[in-house]
Amino acid sequence: MIYNFKKIEKKWKKKHKKINFFKINKNSKKKFYILNMFPYPSGYGLHIGHSIGYIFSDIISKYKSGLKYKILNPIGFDSFGLPAEQYAIYTGNPPIKIIKKSIKRYKNQLKNLGVFFNWDKIINTCSSKYYKWTQWIFLKLFDYYFDKKTNKAKKIKKLKKIIKKKIKWNELNNKTKNKILNKYRLAYLKKSYINWCPKLNSVLANEEVINGKSERGGYIVIKKKMLQWHLRITKYINRLLIDYKYLNWPKYIKNIQKKWIGKKKIFFFTIKIRNKKLKIYLKTKNKIYFIIFNFPSYYIDFLLKEYKKKKQIIKFINEKNYSFKNYKILINFKNSIKNNKIKLYISNYYKNNYIKNIYVDTSNNVLFKNIKNDFIINLKNKIEFNFFFKKTYIYNLNDLVFSRQRYWGEPIPIYYKNGIPKPITNKYLPLKLPLIKKKLFLKKKFKLDQLKKWSWNENKHKITYNKFINKKKGIYPLETNTMPSFAASNWYYLRYISPKYKKFLIDKKKYKFWKNVDLYIGGIEHINGHLLYSRFCHKFFKDLKIVKNKEPYKQFINQGIILNKTYSIYKYKNGFISYDNINKYNICNLQKFYIDKKYIINNNKLNINKIKENKIYNYNFILNSKKEFLCKKKIEKMSKSKLNIITPDKIIKKWGIDCYRLYIIFLGPFNVNKIWKIDKIKGMKRFLYKIWNFVLNIKSSKKYSNIYKSILNNYIYKIHFNYKELLIHKNISLFMKLLTFLIKKKINSIKIKKKFLILLSPYIPYITEELWKKIGGKKSIFYEKQPIFRSNKNKYVKYIIMINNKKKDIIFINKKNNNLDYLKLKIKNKEYFLNNKKNLKKYIFIKNKILNIIII
RNA sequence: GUCUAGAUGGUGAAAUAGGUAAACACGCAGGACUUAAAAUCCUGUAAUUCAAUUCAAUGAAUUUUGCGGGUUCGAUUCCCGCUCUAGACACCA
């Protein structure tokens with residue numbers, strides 16, 4: 001019989017639709033909630049990098065199911081956000097259409113990986129049934145403050161009571177009342193900076209800004225101050241830091257997050273410049289390493305007002321050059337203490353475009369060659385700073401900016417009554433995002449403030465036209481910003497437990513069983529974003545008594561990135577320049593374009609005729625001296641913007657799902673980055689053929705002896721161990737070894753064949769199902785229990801005999817005689833022992849492992 | 001620049017708690033089967049040296065886990081210094 005994977009996979013895909021995998025252990029009390037970070041449904045579909053995570057979680061969940069756990073392994077779509085909007089602007093199709101199409105494609109691709117998800121529990125963040133609760137959470141944050149004494153969030157009502165004791169609250173007008181409360185709310189309004197492009201008349205993401213210019217069009221981008229919603233995550237920092245002890249995360253992952261929170265002890269003093277107080281922070285009392293201005297925003301304004309160098313400063317801020325040498329002396333001012341001149345250095349070296357560090361020194365000749373040595377300036381002798389120092393803590397983490405000046409996100413359920421933010425009553429949520437269905441409507445950048453119908457009728461609780469805005473009728477403008485993408489992902493892990501529950505964001509009965517996520521899988525790049533915000537959100541839920549555990553994700557494993565070759569070309573004014581001539585031009589004036597691999601002929605030469613067929617590249621190509629055009633070749637993360645995506649579809653068509661699953665896991669450790677190569681997939685196919693032939697064709701009369709039992713038992717032990725440590729790629733090697741062992745010994749026991757298939761089934765569901773049926777299995781193989789390791793089956797202990805740390809022999813001894821004396825007896829007459837007997841110095845005996853004989 | 005992770009054959013990589021380095025694959029070389037190709041199967045495969053035998057095969061010793069040190073009977077693993085590579089670094093998901 002021939003192994004026809006196409007037929008088998010098609011057949012079992014159909015059959016598996018009828019099995020509810022997640023009900024197999026319906027009545028089990030053990031649970032396992034495994035979760036992949038949900039994908040962004042991009043139009044390009046799922047690529048190889050994504051598929052690794054899904055296959056990984058699928059294998060683990062199938063294994064756990066085999067240990068009789070009840071499984072939750074859901075999937076959803078994070079469908080609000082910038083890419084869909086960008087794509088909408090680019091193509092003229094409304095985002096909702098794009099998303100729906102993408103989700104369809106994504107689902108199909110996922111189903112083609114042989115992965116079991118809880119398809120009945122799917123969630124979609126841009127559906128109003130979901131974002132109703134995202135908005136609800138925001139309103140809760142708006143309605144709560146952080147109580148320092150109890151270290152918990154409490155209702156703002158309680159705060160009012162406290163304030164009333166101190167101030168005559170009722171005598172204040174609404175605006176000052178609001179101002180006071182705004183200082184305490186967990187969601188509050190504050191001015192902060194954004195990237196603003198005057199020519200495009202829009203806000204840009206950091207990613208869209210390159211060298212201080214907009215990615216599209218190359219216009220100048222400036223920093224602009226805007227009133228925006230913030231979340232007061234900083235109040236929760238201590239709790240976030242303390243609770244790491246409850247997390248089973250890799251150490252380095254915890255460290256990344258800890259560093260990001262960046263709690264530091266620091267000293268500060270204040271100086272006055274023209275009646276304005278400035279706090280200056282120092283690392284130690286005596287030496288100035290660097291000085292950080294606490295209020296960069298304020299400082300820039302100050303500079304702009306006081307010194308008429310606006311142009312110079314703006315220009316400088318926009319030069320995104322991370323060299324430390326790149327600093328400029330902007331102002332000199334007199335130090336109020338001893339009339340020493342202090343130079344203020346301003347550098348954009350710190351991350352982002354924000355100015356955060358300002359360096360101070362008192363001598364006139366300070367070099368900035370090396371931050372570690374030259375920069376330490378002792379001010380002690382010149383000025384007595386000590387007198388002014390105070391100790392405090394600073395954090396790297398700031399409050400989260402929660403407003404996005406974009407269309408495609410959850411509307412913030414707030415309206416402005418005489419300039420004061422008012423929440424929309426919970427009852428009337430969701431505040432629905434108006435869906436624009438017309439084509440070409442979005443060709444230009446679109447925001448909610450361009451809508452004609454975006455005001456709130458306070459009495460009728462309805463959205464109404466802006467022209468009706470009227471204080472007497474209670475009609476006020478709505479907030480036009482939307483929420484960022486992390487608003488939805490903060491809490492989605494809870495929604496999976498009861499995605500269709502209408503009364504509340506979670507069904508508390510079901511939560512009691514599932515609790516938090518047992519194993520969370522995702523990219524390392526989310527550690528300082530989503531994963532941190534999600535923890536913050538969970539802690540807030542705990543204060544609201546929605547959840548009971550301290551942390552949302554018990555265990556976390558990050559998935560390695562798949563790298564692939566990229567090719568890029570550089571444009572100068574109206575022409576492209578061959579990569580070997582690039583040194584002749586100033587890098588700041590060059591624009592980088594990624595190009596598709598199909599335009600490349602051998603290694604990194606460009607096929608100019610072919611590329612010119614594409615209108616985007618219809619410019620001059622300036623060749624090098626050899627009359628060739630070279631591209632820059634690099635190995636980078638697989639991503640749609642870099643045009644180096646490979647999708648699993650074609651590979652699966654050629655090799656089959658089982659083969660693809662094996663191969664993708666066999667590539668290496670799950671959390672390590674891998675360069676994409678297809679050449680080793682042959683080996684996996686051979687392995688599948690081998691399994692097929694072993695199970696169906698090997699026939700012999702040999703009996704299944706006890707020694708084989710104990711060897712198989714050892715394999716089972718190792719396989720379980722690897723699952724436990726999440727090193728599942730190693731198991732494939734074990735399977736292969738085990739198989740060659742079974743074939744060589746010509747074992748024909750149905751019992752062993754069955755055990756072997758069950759062990760393999762999480763990895764390769766289809767071939768094992770087929771074989772399972774062929775050797776007499778009645779139900780699906782996934783109803784079977786995974787074989788368990790039995791420690792009493794091993795009767796022999798393996799010893800390695802060494803002389804001066806060099807291996808000489810391997811000896812098996814019975815467990816009954818597991819001691820040094822017996823071992824000595826065993827080697828007594830061996831040649832290697834007799835030769836060295838005279839020079840013997842001592843024995844080093846390590847139980848169950850080694851006997852090392854030291855000679856002189 | 002800061003932080004983090006990593007470096008093992010021609011390639012992807014294994015090596016439980018410091019104890020057989022290179023498992024398992026790919027590739028390559030040789031062979032079997034076949035008109036031929038593909039597929040399949042078998043054998044070999046870190047390097048150097050020596051011995052023996054030469055039809056083929058074999059045995060022994062030494063050196064090897066980026067570089068240089070340290071701890072230890074013993075280091076891929078622990079510690080210190082260096083070199084290189086990759087990733088993260090706030091409106092990217």
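Here is how names work: the chains are called A, B, and so on, in the same order as the sequence lines, proteins then strands, and each is numbered from 1. Small disclaimer: the values here were computed from a predicted structure and weren't measured.
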If pairing means Watson-Crick or G-U wobble with both distances under 3.5 Å, then the partner of rG87(B) is rC3(B)
Between rA17(B) and rG12(B) - P atom distance, rounded Å | 25 Å
Just checking K808(A): base, sugar-phosphate only, or nothing, at a heavy-atom cut-off of under 4.0 Å?
-> sugar-phosphate
Does the side chain of W408(A) come under 3.5 Å of the side chain of T482(A) through a donor N or O and an acceptor N or O?
-> no
Of L667(A) and I681(A), the one whose closest RNA chain B nucleotide lies more 5' = L667(A)
Go ahead and name the base partner of rU8(B); Watson-Crick or wobble counts if both distances stay under 3.5 Å, otherwise write none.
-> none
Rounded C1' spacing from rA52(B) to rA61(B) in Å = 15 Å
Taken to the nearest whole Å, NZ/K685(A) to C1'/rC41(B) is 18 Å
5' precedence on RNA chain B between Y689(A) and R404(A) (nearest-nucleotide basis) = Y689(A)
rA93(B) P sits how many Å from I521(A) CD1, rounded?
-> 22 Å
rA93(B) P sits how many Å from N490(A) CG, rounded?
-> 14 Å
Just checking S403(A): base, sugar-phosphate only, or nothing, at a heavy-atom cut-off of under 4.0 Å?
-> base
Assign rG6(B) to syn or anti; the rule is syn for a glycosidic angle within 90° of 0 and anti otherwise.
-> anti
Going by atom types only, do W229(A) and E479(A) share a side-chain donor-acceptor pair under 3.5 Å?
-> yes
When all nucleic acid strands are considered with a 4.0 Å heavy-atom cut-off, which category describes Q228(A): base, sugar-phosphate, or nothing?
-> base
Who pairs with rG66(B) - Watson-Crick or G-U, where each distance is under 3.5 Å | rC82(B)
Of the candidate nucleotides rC91(B), rA25(B), rC73(B), which contains the atom at the shortest distance from the side chain of M736(A)?
-> rA25(B)
Considering residues, nucleotides and ligands other than K654(A), do more than 12 of their heavy atoms fall under 6.0 Å from its NZ?
-> no
If pairing requires Watson-Crick or G-U wobble contacts with both distances under 3.5 Å, which nucleotide is the partner of rU76(B)?
-> none
Name the nucleic acid region contacted by P669(A), choosing base, sugar-phosphate or nothing; use a 4.0 angstrom heavy-atom cut-off, strictly under.
-> sugar-phosphate
Between rG74(B) atom C1' and K806(A) atom NZ, what is the distance in whole Å?
-> 11 Å
From rC24(B), rC26(B), rA25(B), pick the nucleotide closest to the side chain of R686(A)?
-> rC26(B)
Do any side-chain nitrogens or oxygens of K737(A) fall under 4.0 Å of OP1 or OP2 in rA14(B)?
-> no
When both distances are under 3.5 Å in a Watson-Crick or G-U wobble arrangement, the nucleotide paired with rA60(B) is rU49(B)
Please check if atom OH in Y717(A) has more than 12 non-hydrogen atoms from other residues, nucleotides or ligands closer than 6.0 Å.
-> no
Round to a whole Å and report the spacing from CD1 of I803(A) to P of rA60(B).
-> 13 Å
Describe the nucleic acid contact of H729(A) in one word from base, sugar-phosphate, nothing, applying a heavy-atom distance below 4.0 Å.
-> sugar-phosphate
Taken to the nearest whole Å, NE2/H530(A) to C1'/rC91(B) is 17 Å
Sort out the partner of rU34(B) for me: Watson-Crick or G-U wobble, both distances under 3.5 Å, none otherwise.
-> none
Taking the six-membered ring for Trp, are F56(A) and F670(A) parallel (under 30°), tilted (30 to 60°) or perpendicular (over 60°)?
-> parallel
Contact list (N/O, under 3.5 angstrom) for nucleotides 17-19 of chain B vs protein:
from    : atom 1 : to      : atom 2 : distance (Å)
rG19(B) : N2     : N805(A) : OD1    : 3.2
rG19(B) : N2     : N852(A) : ND2    : 3.1

W249(A) CH2 to rA5(B) C1': how many Å, rounded?
-> 17 Å
Could you give the NZ-to-P distance, from K254(A) to rU4(B), as a whole number of Å?
-> 16 Å
With a 4.5 Å heavy-atom cut-off, do M684(A) and Y689(A) have their side chains touching?
-> no
Please work out whether the ring planes of Y723(A) and Y763(A) are parallel, tilted or perpendicular, with thresholds of 30° and 60°.
-> tilted
Closest approach of E410(A) to T125(A) (non-hydrogen atoms, all atoms of both residues) | OE2-O, 4.5 Å
Which whole number of Å gives the distance between the P atom of rC3(B) and that of rG81(B)?
-> 13 Å
Relative to each other, are the rings of F77(A) and Y106(A) parallel, tilted or perpendicular (30° and 60° limits)?
-> perpendicular
Nucleotide forming a Watson-Crick or wobble pair with rA93(B), both distances under 3.5 Å | none
Distance, C1' atom - from rA36(B) to rU62(B), rounded to whole angstrom | 48 Å
Taking the C1' atom of each, how far is rA23(B) from rC78(B), in whole Å?
-> 25 Å
Nearest-nucleotide pick for S485(A), side chain only, options being rA23(B), rA93(B), rG12(B) | rA93(B)
Tell me what F666(A) touches on the nucleic acid: a base, only sugar-phosphate, or nothing, going by heavy atoms under 4.0 Å.
-> base
Evaluate the ring planes of Y492(A) and F38(A), with Trp represented by its six-membered ring, and classify them as parallel (under 30°), tilted (30 to 60°) or perpendicular (over 60°).
-> parallel
Closest nucleotide among rC73(B), rU20(B), rC91(B) to the R406(A) side chain = rC91(B)
